[in-house]
Amino acid sequence: MHIGILETGRPPDELVKQHGSYADMIRIFLAREEPDWSFSIYPVIDDVFPEDVSLCQAWIISGSRHGVYENLPWMVRLKTFLGQAITKSVPIAGICFGHQILAEVMGGVVRKSERGWGIGVQEYMLQTPDSAGNSLQLHAIHQDQVVVCPPGATVLASSSFCPYAMLAYGNKALGIQAHPEFSCDFEEDLLLLRRGRTLPPDLVDQALTRLGTERVKADSAALAHHISAFIKAGICQTS
């Protein structure tokens, strides 16, 4: 299986040497579930795009510090690319910014939430009939979120802070607001770096007390399995 990672953002320079890029994190996160998968990274944030949506068997969109409403030239091009992939039924999974831009492509609305920042470990209640009452605990860091659900999307997970935390569009696309690819160490370093800059110190301090739990690691692994199953199902449907 060959997967293309659409790199829409990068960690702060101070953290890259120790933790790698967002694309690296996604590759490592999925490789634990699928060690035989291969990956190609396309830095679309630098306007470097694949020549064709069929070049890879599925696409993963990374997180980014940008907001989808900025409509930068590379974002406009990315929306066109994603629309083409959906038309051709090439499976797509989006993380954080990737989740948000997928929602916009599918007719949803994204903006800065009136609820403020969601950072650290967040709990999301699963909404599928066979998982009612169960939840996932995952790392997150975002102020933007989907505020109007795209027509026809299925809500797979939600919270009081983030009602549209995981969305599915049949077998064609899957969006996840959280960051299952983040390690506890990276989330901690990122929060400390942004403490008092872009993030309120008291909110960071509260978030730091909830990092590092075994539950988060287990739920991240469960989500890697879910993404893998989604991609495989989407590919089988078009084979």
Side-chain angles (χ1 to χ4, degrees), residues 1-11 18-42 50 53-64 82 85-86 89-99 102 121-128 130-131 134-141 154-157 165-188 190 211-239:
M1 192 83 69
H2 188 63
I3 310 298
I5 299 176
L6 303 171
E7 186 182 38
T8 63
R10 299 184 179 97
Q18 180 177 354
H19 299 287
S21 67
Y22 291 142
D24 292 332
M25 295 178 201
I26 292 171
R27 177 181 52 79
I28 293 168
F29 161 67
L30 289 175
R32 294 192 184 106
E33 175 69 23
E34 298 290 351
D36 295 330
W37 283 10
S38 60
F39 298 87
S40 292
I41 299 171
Y42 298 89
V53 296
S54 301
L55 197 59
C56 293
Q57 292 169 281
W59 300 99
I60 310 288
I61 318 162
S62 79
S64 177
L82 297 176
I86 289 166
S89 296
V90 182
I92 308 167
I95 296 173
C96 197
F97 173 91
H99 164 68
L102 264 177
V121 177
Q122 301 286 307
E123 184 166 24
Y124 305 98
M125 300 304 299
L126 297 174
Q127 302 296 316
T128 56
D130 60 346
S131 60
N134 295 326
S135 65
L136 291 172
Q137 289 188 5
L138 300 167
H139 294 296
I141 178 166
T154 301
V155 181
L156 299 183
M166 191 183 308
L167 298 173
Y169 309 89
N171 286 327
K172 295 187 175 183
L174 175 70
I176 302 151
Q177 178 58 67
H179 281 282
E181 80 283 15
F182 280 9
S183 68
C184 292
D185 288 343
F186 175 74
E187 175 97 358
E188 180 178 10
L190 183 61
L211 293 182
T213 67
E214 290 301 318
R215 167 80 185 274
V216 177
K217 294 178 183 178
D219 287 353
S220 177
L223 196 49
H225 178 77
H226 182 79
I227 294 172
S228 168
F230 158 77
I231 289 174
K232 290 176 180 177
I235 291 172
C236 287
Q237 184 170 312
T238 58
S239 297

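These figures come from a predicted structure and were not determined experimentally.
Looking only at distances, no side-chain donor or acceptor of Glu123 sits under 3.5 Å from a matching main-chain atom of Val121. The backbone N or O of Gly4 lies less than 3.5 Å from no partner atom in the side chain of Ser40, so there is not a single donor-acceptor pair. Remark: the backbone N or O of Ser62 is paired with a side-chain donor or acceptor of Thr8 at under 3.5 angstrom. Listed for the Glu181 side chain is no donor-acceptor partner under 3.5 Å among the backbone atoms of Phe29. At least one donor-acceptor pair closer than 3.5 Å links the side chain of Asp219 to the backbone N or O of Gln137.
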Next on the checklist: Would Ile95 and Ile61 count as a side-chain contact (heavy atoms from CB on, under 4.5 Å) here? Give the steps.
Outcome noted: CA-CA 6 Å; Ile95 296 173; Ile61 318 162; over 6 Å; no
Item to check | From CA spacing to verdict: side-chain hydrogen bond (donor to acceptor under 3.5 Å, both in side chains), His225, Glu33 | outcome: CA-CA 6 Å; His225 178 77; Glu33 175 69 23; 2.9 Å; yes
Next on the checklist: Let's go through Ser21 and Arg27 carefully: what are the C-alpha distance in whole Å and the side-chain angles of both, what is the deciding distance for side-chain hydrogen bond (donor to acceptor under 3.5 Å, both in side chains) to 0.1 Å, and is it a yes or a no?
Outcome noted: CA-CA 10 Å; Ser21 67; Arg27 177 181 52 79; over 6 Å; no
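Residue Gln177 holds its CD atom at 5.0 Å from NE2 of His99, rounded to the nearest 0.5 Å. Between Gln127 atom CD and Met125 atom CE the span is 7.5 Å, to the nearest 0.5 Å. To the nearest 0.5 angstrom, Ile92 atom CD1 is 10.0 Å from Lys172 atom NZ.
Residues Leu156 and Leu174 are in side-chain contact: their nearest non-hydrogen atoms beyond the backbone lie under 4.5 Å apart. For the pair Leu55 and Tyr42, the minimum side-chain heavy-atom distance is below 4.5 Å.
Remark: Tyr124 pairs with no residue by the ring-ring contact (aromatic ring centres under 6.0 Å, His included) rule, at least two apart or across chains.
Note on Lys232 versus Glu34: salt bridge recorded, some NZ/NE/NH1/NH2 to OD/OE distance being below 4.0 Å.
The minimum heavy-atom distance between Val53 and Ala85, with the atom names listed, is CG1-N, 3.8 Å.
Note: Phe186 and His19 have perpendicular aromatic rings, judged against thresholds of 30 and 60 degrees for the angle between ring planes.
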